Amino acid sequence: MKIYLVIGTVSAMLAVILGAFAAHGLKNQLSEQLLVVFQTGVQYQMYHSLGLILLVLTAQFMPSAQLVWSAGFMSAGIVLFSGSLYLLANTGIKWFGPVTPIGGLCFIIAWGLFIFAAFKGLKL
């Protein structure tokens, strides 16, 4: 899980950098609509970077194979969802659009596995 901590923290840092870049560097380069697309990628990258860090912290006191799988799906979701939005916004190539829901599905699976692991780890 240590690698996922590194991935989560680096991803969070990149989300801050990309958000600032969008606000200052892309503001005059992209249409308002494409800037919103880019910012959506930034938001979801940050949310799920923090989710990834939370997964790693949870795994420290409640180790679970489901948490490892969840971290993998969350990482893939960041790349597929946010990455496709960044590429779509910057290139205008519509082909990247259909990749975004695959990333969203990865996020849903990741959170579902996290829920499963949480219930499994509860001491009732």
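Side-chain atoms are counted along with the backbone in the values below, which use heavy atoms only and exclude waters and symmetry mates. Please read these numbers as outputs of a predicted model, since none were measured by experiment.
- Residue Y86 qualifies as enclosed at atom OH: its count of foreign heavy atoms under 6.0 Å is above 12.
- Looking at heavy atoms from C-beta onward, F114 lies in side-chain contact with T58 at the 4.5 angstrom threshold.
- Counted by atom type alone, S64 and Q66 present one or more donor-acceptor pairs between their side chains at under 3.5 Å.
- F107 has its side chain within reach of I78: a pair of non-hydrogen atoms, C-beta onward, lies under 4.5 Å apart.
- Contact of the L26 side chain with the F38 side chain is registered, since non-hydrogen atoms from C-beta on lie closer than 4.5 Å.
- Looking at heavy atoms from C-beta onward, T9 lies out of side-chain contact with M13 at the 4.5 angstrom threshold.
- Using a distance-only test at 3.5 Å, with no hydrogens or angles considered, a donor-acceptor pair links the side chain of S84 to the main chain of F81.
- The shortest distance between side-chain heavy atoms of T100 and F96 does not fall below 4.5 Å.
- With a 4.5 Å cut-off on side-chain heavy atoms, T40 and V37 do not count as touching.
- Shown are I53, L57, L52, L55; of these, the side-chain contact (heavy atoms from CB on, under 4.5 Å) with L5 is made only by I53.
- By the 4.5 Å heavy-atom criterion applied to side chains, M46 and V16 are counted as neighbours.
- In terms of hydrophobic clustering, with Ile, Leu, Val, Met, Phe, Trp and Tyr side chains grouped at heavy-atom distances under 4.5 Å, V42 and L50 are assigned to different clusters.
- In this structure the side chain of H48 never reaches within 4.5 angstrom of the side chain of F73, judged on heavy atoms.
- In this structure, OG on S49 lies 12.5 Å from CG on L54, to the nearest 0.5 angstrom.
- One hydrophobic cluster, built from ILVMFWY side chains closer than 4.5 Å, holds both L34 and L18.
- Both W111 and L67 are members of a single hydrophobic cluster when ILVMFWY side chains are connected at heavy-atom separations under 4.5 Å.
- A continuous path of hydrophobic side-chain contacts links V99 to Y44 [ILVMFWY only; heavy atoms under 4.5 Å].
- I102 and I93 end up in the same hydrophobic cluster when Ile, Leu, Val, Met, Phe, Trp and Tyr side chains are linked at under 4.5 Å.
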